[in-house]
Amino acid sequence: MTVRTRFAPSPTGYLHVGGARTALFSWLYARKHGGTFILRIEDTDLERSTAESVDAILQGMTWLGLEYDEGPFYQTHRFPRYKEVIQQMLKEGQAYHCYCSKERLEQLRAEQMARKEKPRYDGKCRHGVPNPPPGVAPVVRFKNPLDGAVVVEDLIRGRVTFQNSELDDLIIARGDGSPTYNFTVVVDDMDMKITHVIRGDDHLNNTPRQMNMLKALGFTPPVYAHVPMILGPDGARLSKRHGAVSVMQYRDDGYLPEALLNYLARLGWSHGDQEVFSIDEMIKLFDVTKVHSSAAAFNPEKLTWLNQHYIKNNDPQHVAHHLSYHLGRHGVDPAAGGPDLVEVVKAQRERAKTLAEMANNSVFFYKDFASYDPKDAASHLKPEAEKPLKELRERLTALPLWEAQEIHEAVTAVAEALGLKLGKIAQPLRVAVAGRAISPPIDVTLMLVGREKTLERLDAALEYIRKQPVTA
RNA sequence: GCUCCCAUCGUCUAGUGGCCUAGGACGCUGGCCUCUCACGCCGGUAACAGGGGUUCGAAUCCCCUUGGGAGCGCCA
């Protein structure tokens with residue numbers, strides 16, 4: 001039997017990290033077993049579904065690299081099929097028309113709540129309605145078994161038993177004939193021959209109903225795995241007020257997709273003490289069976305640590321590709337001139353936790369800065385820096401080769417000649433060239449900035465120093 | 001309220017009856033390295049929710065309590 005998994009988001013917003021995690025788990029499961037991963041858009045809620053959300057979800061999946069083998073299938077395109085199955089169930093007596101008004105249902109619920117009972121449909125129309133009230137468009141309800149139990153052998157939760165007496169006859173088609181969620185899921189999982197349903201555990205309580213319908217339709221239910229939800233750092237359900245929950249927000253904040261994937265996989269799951277997993281390792285080692293059954297809190301610091309790890313250790317070429325997107329947001333096109341981006345990545349990779357940070361710290365390689373960092377200029381571009389900088393300017397101008405090694409020698413030579421510590425000269429130089437006291441090693445920095453720009457900025461700094469009012 | 005689920009450092013986790021004076025990682029923190037910022041390296045901090053059992057022996061098995069979560073829609 002070929003494994004077939006699916007990710008079935010409803011397009012009512014962006015792809016959030018919780019959805020990304022269940023998508024990842026489904027994808028991993030399919031890849032691990034040489035199966036098929038299907039994307040299905042559950043857009044039956046016409047009110048809330050939007051085309052923009054579909055795009056956002058697709059974009060998120062693409063950025064993460066979770067490519068699907070089939071789909072996207074849209075439930076709104078499948079209404080004829082749902083109608084067909086509803087007719088069939090009606091004909092076979094597995095479903096029935098219910099004429100109860102919303103008012104009666106509401107009252108019923110209120111009464112049951114008042115009696116401290118679990119609110120549920122009382123089955124009034126289950127055995128037929130002799131005189132249907134005129135003008136009422138009936139809904140269709142599934143005839144749930146009255147007794148017995150449904151046992152879910154959940155890959156993560158283990159055996160979970162539900163008594164049928166706890167379940168009521170759910171509505172599978174609305175008054176206007178449109179199918180409801182729990183029903184479309186059943187038909188789709190059946191038609192798409194889904195073998196493993198990996199989804200959020202908010203669906204665990206829906207599972208027995210879905211299994212009952214599947215059985216009524218003569219289909220063997222798939223294997224289920226309900227993954228616990230993600231909590232915010234404060235232990236409450238992860239939501240917007242915790243900050244970034246959208247996958248694309250993480251891209252814009254400077255995270256690498258593999259870092260997010262690694263973090264998400266490791267959240268609620270582990271393989272011994274291993275923290276870092278390449279995609280291939282995840283496919284090989286990930287075991288949905290070993291996912292914790294308790295909810296896990298999202299820890300942004302650890303994600304950031306992983307991101308830093310990947311920035312530092314991934315192929316610089318790959319990092320550069322993602323970095324150029326962030327430089328673009330600063331109005332810089334690294335392909336249009338300036339130092340080789342890959343070299344910039346190599347110089348910066350150990351000093352950035354995110355690509356947004358790296359981009360921010362790298363624009364000076366490509367673009368002149370408008371002003372110095374005030375504090376750094378005040379502490380380093382002082383009169384006493386004038387002499388070493390002038391001296392340095394001469395040596396740099398005379399350098400036969402513009403290489404880090406030569407530059408380094410020139411800088412140390414000036415320091416020695418003037419009896420200064422390296423920092424006394426490297427820092428003013430750094431501020432002159434980078435605009436502030438933070439940059440890669442000074443020789444590498446100058447090398448990347450280039451001789452022409454370096455001398456230009458050195459002159460500007462000298463000029464700046466001369467223009468400062470002479471104070472103590 | 002009812003049904004279902006969950007419970008090891010602040011967080012993610014290892015642990016499946018003796019290897020546990022509970023291990024790793026993030027974070028925080030002391031130190032080293034150092035031209036800045038960092039990286040790196042060495043060290044420290046901190047947990048089995050509580051109570052009963054079972055057992056020679058329990059973080060590991062059972063029960064209760066407490067605490068948390070989800071579901072109970074003509075939403076998905």
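Below, read A as the first sequence line, B as the second, and so on, with proteins coming before strands; counting in each chain starts at 1. What you see is a predicted model, and the numbers here were worked out from it, not measured in a lab.
Asn182(A) comes within 4.0 angstrom of a base, heavy atoms only. Note on Glu42(A): only backbone sugar-phosphate atoms sit closer than 4.0 angstrom, heavy atoms only; bases stay farther off. Nucleic acid contact for Asp376(A): none, since no nucleic acid atom lies under 4.0 Å from a heavy atom of the residue. The residue His292(A) sits close only to the backbone: its heavy atoms come under 4.0 Å of sugar-phosphate atoms, none of a base. Counting non-hydrogen atoms under 4.0 angstrom, Val160(A) reaches the backbone sugars and phosphates but no base. Counting any heavy atom pair closer than 4.0 Å across all strands shown, Arg266(A) reaches a base atom.
Nucleotide C6(B) is shown with an anti base, its glycosidic torsion being more than 90° from 0.
Distance, Phe298(A) CZ to G69(B) C1': 19 Å, rounded to whole Å.
At least one side-chain heavy atom of Met358(A) sits under 4.5 Å from a side-chain heavy atom of Ile311(A).
In this structure, Arg115(A) does not reach the G1(B) phosphate: none of its side-chain N or O atoms is under 4.0 Å from OP1 or OP2.
With C4(B), U13(B), A76(B) as the choices, the nucleotide that has an atom nearest any side-chain atom of Leu204(A) turns out to be C4(B). Comparing atom distances between the Asn205(A) side chain and each of C74(B), G1(B), G71(B) picks out G71(B) as nearest.
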What is the per-nucleotide protein-contact pattern of nucleotides 29-49 of chain B, from the 5' end, where B denotes a base atom under 4.0 Å from a protein heavy atom, S denotes such proximity for sugar-phosphate atoms only, and - denotes neither? ------BBBSSS---------
